[in-house]
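For reference, the structure discussed in these notes is given below.
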Amino acid sequence: MGSKENHKHNGKENKNDKNAREEKREEQEKQQEKEKHKDERIEESGQITLDENDKHHKIHLITIIGEIEGHDNLSSSSKTTKYEHVLPQLAAIEDSKEIDGVLILLNTMGGDVEAGLAIAEMIASLSKPTVSLVLGGSHSIGVPIAVSTDYSYIVPTGTMVIHPVRLTGMVIGVQQTFDYFRQIQNRITGFVCEHCKVSKSRIEELMMETGVLTKDVGTILVGQEAVEEGIICEVGGIKDAVAKLHEMVEKHKAE
């Protein structure tokens with residue numbers, strides 16, 4: 001009698017062990033699938049959701065890298081940020097009740113003015129807390145994107161190139177062309193001044209600097225210099241940017 005009970009008990013234990021092993025295997029498969037999905041997402045769009053922190057905040061990471069592509073496709077050998085990928089994602093972030101904040105990483109040479117301003121305006125109009133971090137460089141039209149967030153950081157070796165508007169291809173040498181250039185430049189300087197502490201007169205001085213070699217005219221600001229000019233909020237790295245964003249998310253939720 002006791003032997004039958006032991007056999008029954010052992011059978012139940014074996015069944016429990018089997019169920020536990022199956023659950024563990026399923027969990028491992030889910031984790032592998034999740035990691036695979038993350039890798040594919042990073043490869044395709046340079047974006048990922050950071051959701052494994054102890055504060056249980058969901059932070060969406062967007063990278064602005066290479067050249068910001070406009071209405072024309074650049075060569076397949078160029079690293080680009082495509083505005084048609086970024087804009088819908090920003091709209092989805094605004095609409096999502098899951099995403100708590102947005103982290104923007106920048107390492108860009110600039111690119112198309114219209115596309116860059118479109119991205120900057122979208123980021124600036126988000127209701128979710130936003131933080132940017134300049135790594136390597138955020139040049140030209142990358143400057144408005146860097147300042148479009150609620151708070152901005154630059155690493156000590158990060159650079160920002162500020163220069164006048166340039167146009168590739170044929171230019172008609174008439175007054176209307178120069179008026180158009182001025183209009184575009186005013187849109188850029190107006191946006192930058194509205195979203196950071198630099199004055200319009202100072203940003204124009206930096207644009208027209210002739211003592212620094214940046215193709216023809218312009219200024220290269222490195223790390224702390226960008227902070228001293230009032231363009232970037234603070235020098236820091238990824239640890240600082242993530243910590244600041246979590247702090248802002250907490251404050252936003254409390255309100």
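For the numbers below, each heavy atom of this structure counts, side chains included, while hydrogens, waters and symmetry mates do not. Numbering starts at 1 and runs along the sequence shown.
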Rounded to the nearest 0.5 Å, what separation is found between the [atom1] atom of [X] and the [atom2] atom of [Y]?
| X | Y | atom1 | atom2 | result |
| --- | --- | --- | --- | --- |
| Ile64 | Leu135 | CD1 | CG | 12.0 Å |
| Glu67 | Ser140 | CD | OG | 9.5 Å |
| Leu106 | Thr63 | CG | OG1 | 9.0 Å |
| Glu229 | Gln224 | CD | CD | 11.0 Å |
| Ile188 | Cys193 | CD1 | SG | 11.5 Å |
| Gln185 | Met207 | CD | CE | 4.5 Å |

[X] to [Y] - nearest heavy-atom pair and separation:
| X | Y | result |
| --- | --- | --- |
| Val222 | Pro156 | CG1-O, 3.7 Å |
| Tyr153 | Val131 | CD1-CG1, 3.9 Å |
| Pro144 | Leu117 | CB-CD2, 4.3 Å |
| His252 | Ser127 | CE1-O, 3.4 Å |
| Ile141 | Asp112 | CG2-O, 3.9 Å |

Return yes if some donor-acceptor pair links the side-chain N/O of [X] with the main-chain N/O of [Y] below 3.5 Å, else return no.
| X | Y | answer |
| --- | --- | --- |
| His195 | Phe191 | yes |
| Ser152 | Cys233 | yes |
| Glu94 | Ala91 | no |
| Ser96 | Ala92 | no |
| Ser125 | Glu121 | yes |

Which of Lys128, Lys58, Lys253 passes salt bridge (charged side-chain N to carboxylate O under 4.0 Å, His left out) with Asp100? Answer is Lys253
Intermediate values then yes/no, salt bridge (charged side-chain N to carboxylate O under 4.0 Å, His left out), Lys251 and Glu247:
CA-CA 6 Å; Lys251 188 177 178 182; Glu247 178 190 316; over 6 Å; no
Kindly indicate whether the side chain of His57, heavy atoms from C-beta on, has any atom under 4.5 Å from the side chain of Leu245.
no
Take Lys200 and Glu205 through the salt bridge (charged side-chain N to carboxylate O under 4.0 Å, His left out) test and state the conclusion after the steps.
CA-CA 9 Å; Lys200 192 170 188 291; Glu205 277 179 30; over 6 Å; no
For a side chain to side chain contact (heavy atoms under 4.5 Å, CB included) with Val198, tell me which candidate from Ile232, Ile231, Val147, Val143 qualifies.
Ile231
Would you say the side-chain atoms of Thr130 and Thr149 include a donor-acceptor pair closer than 3.5 Å?
no
How about His139 and Thr159: does a side-chain donor come under 3.5 Å of a side-chain acceptor?
yes
Begin from the C-alpha positions of Ile154 and Leu133 and carry the test side-chain contact (heavy atoms from CB on, under 4.5 Å) through to its verdict.
CA-CA 5 Å; Ile154 186 169; Leu133 174 61; 6.0 Å; no
